[in-house]
Protein chains: 2
Amino acid sequence: MSDLVTALRARGMRLTAQRRRIVAALGRLGHATPDGVAAEVARDGEAAVAASTIYRGLEALEELGIVAHTHLDRRAPTYHLAGHADHIHLVCVGCGVVDEVPVASASSFVGAIAASRGFRADISHLAVHGRCAGCEGHS
Amino acid sequence: MSDLVTALRARGMRLTAQRRRIVAALGRLGHATPDGVAAEVARDGEAAVAASTIYRGLEALEELGIVAHTHLDRRAPTYHLAGHADHIHLVCVGCGVVDEVPVASASSFVGAIAASRGFRADISHLAVHGRCAGCEGHS
DNA sequence: TTGAATGCAAAAAATTTGCATATTG
DNA sequence: CAATATGCAAATTTTTTGCATTCAA
């Protein structure tokens with residue numbers, strides 16, 4: 001039985017076709033806003049899924065640690081599969097480009113706050129803003 | 001002449017009473033959503049400021065580097081004075097508590113991505129999610 | 001069977017936009 | 001004066017809610 005099913009059942013939750021499609025859509029997209037997920041889910045052949053179901057589904061899956069979200073820009077939250085979150089996002093405020101670096105880059109930082117505050121950081125969906133090499137150059 | 005005026009003028013922008021009040025409100029609040037800023041601005045005696053002015057004002061001030069924003073929760077963005085941003089937020093997904101640690105905690109991380117990608121990270125408004133000591137304990 | 005989940009449609013929030021008017025520089 | 005900002009109100013966009021119905025376990 002899949003991890004997804006196991007995780008859901010452990011909390012008395014159910015694996016519905018819609019939730020499966022949401023997960024599949026995120027797998028295909030990588031990152032997406034709730035709206036984007038809805039659009040992708042609609043493109044998989046079956047009937048469209050109600051917006052409220054998308055929101056509730058993402059929330060449920062996030063609680064289970066199946067998906068996570070981050071804010072790449074000021075507007076909508078961006079969701080992705082937690083398993084796919086093996087990188088940190090570097091968002092350039094100059095040109096909007098989003099680069100990625102391994103989570104290991106921040107291991108010392110994570111270790112420091114764990115030691116000083118007992119805080120266990122989940123940087124699997126961390127977005128760091130700043131300026132990329134290009135934009136920093138012709139600043 | 002204040003930095004605020006200088007920064008604004010350098011871009012042909014103007015220092016209006018409303019912008020001054022927005023900055024003052026943020027100074028009093030520390031962190032606040034656009035809505036929160038509007039409420040605080042309204043409490044300072046003068047007439048209320050239109051919501052659109054709050055949004056446009058925050059955007060303008062952010063471009064100038066006077067204020068910055070971060071996302072403490074999934075919903076609204078949280079603004080603060082850039083000068084007040086001398087810390088990183090640790091947001092507990094378990095209980096919602098927001099702790100702060102000095103930006104120096106992440107200096108090696110910042111240095112690493114600067115070296116490897118030439119990316120100059122601005123962690124003055126970084127929010128790291130995870131679980132605080134308390135929530136991690138009785139997990 | 002039974003409670004969790006969905007669809008739908010309406011309600012709330014949160015932002016944005018157009019434009020005439022007021023203000024700053 | 002000229003160009004930038006504001007106020008207002010309407011239009012969008014995004015997210016949430018209530019409830020009858022469906023469906024997974």
Side-chain angles (χ1 to χ4, degrees), chain A residues 1-25 31-42 44 46-64 66-67 69-79, chain B residues 1-25 31-42 44 46-64 66-67 69-79:
Chain A
M1 191 166 324
S2 77
D3 286 353
L4 184 50
V5 177
T6 307
L8 285 165
R9 289 204 181 154
R11 297 227 196 171
M13 303 174 90
R14 296 167 186 182
L15 178 57
T16 61
Q18 289 85 340
R19 288 178 178 175
R20 216 181 328 241
R21 291 167 67 201
I22 288 173
V23 171
H31 309 100
T33 60
D35 202 54
V37 172
E40 180 64 25
V41 161
D44 73 4
E46 314 285 319
V49 172
S52 54
T53 299
I54 298 286
Y55 281 100
R56 289 190 277 227
L58 286 171
E59 184 179 3
L61 293 168
E62 183 161 35
E63 268 179 43
L64 295 177
I66 307 290
V67 308
H69 82 275
T70 188
H71 291 271
L72 296 186
D73 62 29
R74 184 172 348 179
R75 300 287 301 262
T78 303
Y79 287 83
Chain B
M1 191 170 321
S2 77
D3 287 352
L4 183 50
V5 177
T6 308
L8 285 164
R9 289 203 182 153
R11 297 226 195 171
M13 302 174 91
R14 297 168 186 181
L15 177 58
T16 61
Q18 288 85 340
R19 288 178 180 175
R20 217 182 326 243
R21 291 167 67 200
I22 288 173
V23 170
H31 308 100
T33 59
D35 202 54
V37 172
E40 179 63 25
V41 161
D44 73 3
E46 314 286 318
V49 172
S52 54
T53 299
I54 297 286
Y55 281 100
R56 289 190 278 226
L58 285 171
E59 185 179 1
L61 293 168
E62 183 162 35
E63 268 179 44
L64 295 177
I66 307 290
V67 309
H69 82 275
T70 188
H71 291 271
L72 296 186
D73 62 30
R74 185 172 347 176
R75 301 288 300 263
T78 303
Y79 288 83

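What you see is a predicted model; the values in this text were computed from it and never measured. In what follows, every chain begins at residue 1, and chains take the letters A, B, ... in the order their sequences are listed. All heavy atoms count here, side chains included; hydrogens, waters and symmetry mates do not.
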Peer 1: Taking the nucleotide of DNA chain C with the closest heavy atom to each, which residue, Gly12(A) or Leu15(B), is nearer the 5' end?
Peer 2: Gly12(A)

Peer 1: Going by the side-chain contact (heavy atoms from CB on, under 4.5 Å) test, name the single residue among Leu4(B), Leu15(B), Leu58(B) that passes it with Val23(B).
Peer 2: Leu4(B)

Peer 1: Just the rounded figure in Å: distance from C1' of dA24(D) to CZ of Arg11(A).
Peer 2: 19 Å

Peer 1: Should the side chain of Arg14(A) and the base of dG3(C) be counted as holding a donor-acceptor pair, with the cut-off at 3.5 Å?
Peer 2: yes

Peer 1: Any idea which heavy atoms bring Arg11(A) and Leu64(A) closest together, and the distance?
Peer 2: NE-CD2, 3.6 Å

Peer 1: Measuring to OP1 and OP2 of dT23(C), would you say a side-chain N or O of Gln18(B) lies under 4.0 angstrom away?
Peer 2: no

Peer 1: Using atom CG of Leu4(B) as one end and atom C1' of dT24(C) as the other, report the distance to the nearest whole Å.
Peer 2: 14 Å

Peer 1: Could you tell me whether the phosphate oxygens of dA5(D), OP1 or OP2, come under 4.0 Å of any side-chain nitrogen or oxygen in Thr16(B)?
Peer 2: no

Peer 1: Starting at CG of Leu58(A) and ending at P of dT14(D), how long is that distance when rounded to a whole Å?
Peer 2: 15 Å

Peer 1: Identify the heavy atoms of Gly57(A) and Ile22(A) that sit nearest to each other, and give their distance.
Peer 2: CA-CD1, 4.2 Å

Peer 1: Starting at atom NE2 of His71(B), determine the distance to atom P of dA14(C), rounded to an integer number of angstrom.
Peer 2: 14 Å

Peer 1: It should be established whether Tyr55(B) places a side-chain nitrogen or oxygen under 4.0 Å from OP1 or OP2 of nucleotide dT15(C).
Peer 2: yes

Peer 1: Which residue is it: Asp44(A), Thr16(A), Thr53(A)? I am looking for the one with a side chain to side chain donor-acceptor pair (under 3.5 Å) to Arg21(A).
Peer 2: Asp44(A)

Peer 1: To the nearest angstrom, how far is Arg20(B) atom CZ from dT6(D) atom P?
Peer 2: 12 Å

Peer 1: Let me know the distance between CG of Asp73(A) and C1' of dT14(D), rounded to the nearest Å.
Peer 2: 13 Å

Peer 1: Under the side chain to side chain contact (heavy atoms under 4.5 Å, CB included) rule, what do Ile66(B) and Arg19(B) come out as? Steps first, then yes or no, please.
Peer 2: CA-CA 11 Å; Ile66(B) 307 290; Arg19(B) 288 178 180 175; over 6 Å; no

Peer 1: Looking at dT15(C), dT14(D), dA5(D), which one has an atom nearest to any side-chain atom of Met13(B)?
Peer 2: dA5(D)

Peer 1: Working to the nearest 0.5 Å, report the span between CG of Leu61(B) and CZ of Arg56(B).
Peer 2: 13.5 Å

Peer 1: By nearest nucleotide on DNA chain C, pick out whichever of Glu59(B) and Ala17(B) is the more 5' one.
Peer 2: Glu59(B)

Peer 1: Tell me: CG of Leu8(B) to P of dT6(D), nearest whole Å?
Peer 2: 10 Å

Peer 1: Under the 3.5 Å rule, do the base of dA5(C) and the side chain of Arg19(A) count as making a donor-acceptor pair?
Peer 2: no

Peer 1: For His69(A) and dT14(D), what is the distance between atoms NE2 and C1' respectively, to the nearest whole Å?
Peer 2: 14 Å

Peer 1: Could you tell me how the ring of Tyr79(B) sits relative to the ring of His69(B): parallel (under 30°), tilted (30 to 60°) or perpendicular (over 60°)?
Peer 2: tilted

Peer 1: Show each protein N/O and nucleotides 18-20 of chain D N/O combination with a separation under 3.5 Å, one pair to a line.
Peer 2:
none

